[in-house]
Amino acid sequence: MVDSLSTDPRRATLAAIAGAVVGALGVVIVVLLFAALASGVSASDLVVSILIFLVALVGWSLGLFLLGLPLWWLFHRNGWRGQRVAMLLGAFTTFIIVVLLETSGGVLAVTTGKSAAGQLMSLVWTCVMAVLGATVALVIWRIAYRPARA
């Protein structure tokens, strides 16, 4: 069944673009949810969310085109084309990238400090981003793949 899935460059490119947009929107939603839990969301937070979206869009685009697509091409060539494989790859690579960003003084390291609560928040952020990575991978998989024609 999985071997009977195919894609083409047009669908793969469209899928990667859609994945970057979904990833950026996901980051904005998560940030706004965290802000609402902490102190509520104000009008200025909504304005800042536009900037967050643009920065996240650049980040997801770079991540997908520089790391995600080459890895997926390798998986595709080896016949690993399933939905679960895509989601695991998306979750794992996103988790690793966010861990590397956080340990090298990432966004949350600046805002939360080195306290136990700050480390817990970084762990929560990393796990939430891994779930978002799996979601982005699922969106890409659903757009990119179609049953192969016989």
Side-chain angles (χ1 to χ4, degrees), residues 2 5-76 80-146:
V2 174
L5 296 174
S6 70
T7 190
D8 60 43
R10 183 187 62 78
R11 280 199 318 262
T13 303
L14 177 63
I17 292 168
V21 170
V22 167
L25 286 172
V27 169
V28 170
I29 290 167
V30 170
V31 168
L32 288 175
L33 285 173
F34 283 170
L37 290 172
S39 62
V41 177
S42 66
S44 63
D45 291 334
L46 296 176
V47 172
V48 170
S49 68
I50 295 169
L51 180 60
I52 292 170
F53 173 79
L54 293 174
V55 171
L57 183 62
V58 170
W60 278 99
S61 298
L62 286 172
L64 284 170
F65 283 98
L66 295 177
L67 186 63
L69 290 180
L71 284 172
W72 187 250
W73 176 83
L74 181 66
F75 277 49
H76 176 88
W80 304 329
R81 300 175 188 162
Q83 181 177 350
R84 285 188 199 140
V85 171
M87 293 176 72
L88 287 171
L89 179 64
F92 180 74
T93 54
T94 303
F95 183 85
I96 295 300
I97 289 169
V98 174
V99 163
L100 290 173
L101 288 172
E102 286 302 308
T103 57
S104 65
V107 175
L108 288 180
V110 173
T111 60
T112 59
K114 294 195 181 236
S115 66
Q119 290 176 347
L120 177 62
M121 188 63 193
S122 288
L123 178 62
V124 169
W125 174 257
T126 302
C127 291
V128 168
M129 288 299 102
V131 170
L132 182 57
T135 304
V136 167
L138 177 62
V139 167
I140 291 171
W141 184 87
R142 299 285 278 169
I143 293 171
Y145 280 107
R146 299 289 180 267

Please check if the side chain of T7 supplies one atom and the backbone of A144 the other of a donor-acceptor pair under 3.5 Å.
-> yes
Out of curiosity, L46 CG to I52 CD1, how far, rounded to the nearest 0.5 Å?
-> 10.0 Å
Please report the shortest heavy-atom distance between I143 and R11, naming the atom on each side.
-> O-CD, 3.7 Å
Identify the residue among V21, V22, V28 that makes a side-chain contact (heavy atoms from CB on, under 4.5 Å) with L25.
-> V21
Test L69 against W73 for side chain to side chain contact (heavy atoms under 4.5 Å, CB included), laying out the working first.
-> CA-CA 6 Å; L69 290 180; W73 176 83; over 6 Å; no
Side chain W141, main chain A86, donor-acceptor under 3.5 Å | no
Side chains of F53 and V27: closer than 4.5 Å at any heavy-atom pair?
-> no
Under a 4.5 Å cut-off applied to non-hydrogen side-chain atoms, are W60 and L132 in contact?
-> yes
Please report the closest heavy-atom contact between E102 and T126, naming both atoms and the distance.
-> CG-OG1, 4.2 Å
Non-neighbouring partners of L64 that pass side-chain contact (heavy atoms from CB on, under 4.5 Å), sequence neighbours left out | A20, V136, I140
Hey, could you give me the CZ/CD1 distance between F65 and I17, rounded to the nearest 0.5 Å?
-> 5.5 Å
Name the orientation class of the two ring planes belonging to Y145 and H76 (parallel below 30°, tilted from 30 to 60°, perpendicular beyond 60°).
-> parallel
Measure the CG-CG distance between L57 and L62 for me, rounded to the nearest 0.5 Å.
-> 9.5 Å
Is the CZ atom of F92 crowded by more than 12 outside heavy atoms at less than 6.0 Å?
-> no
Quick one: OG1 on T94 to CG on L89, what's the gap to the nearest 0.5 Å?
-> 8.5 Å
Compare every heavy atom of W125 with every heavy atom of V31, then report the nearest pair and how far apart it is.
-> CG2-CH2, 3.9 Å
Between R146 (side chain) and D8 (backbone), is there a donor-acceptor pair under 3.5 Å?
-> no
Which pair of non-hydrogen atoms, one from T93 and one from G90, has the smallest distance, and what is that distance?
-> OG1-O, 3.4 Å
Evaluate the side-chain proximity of M129 to V30: yes if any heavy-atom separation is below 4.5 Å, no if none is.
-> yes
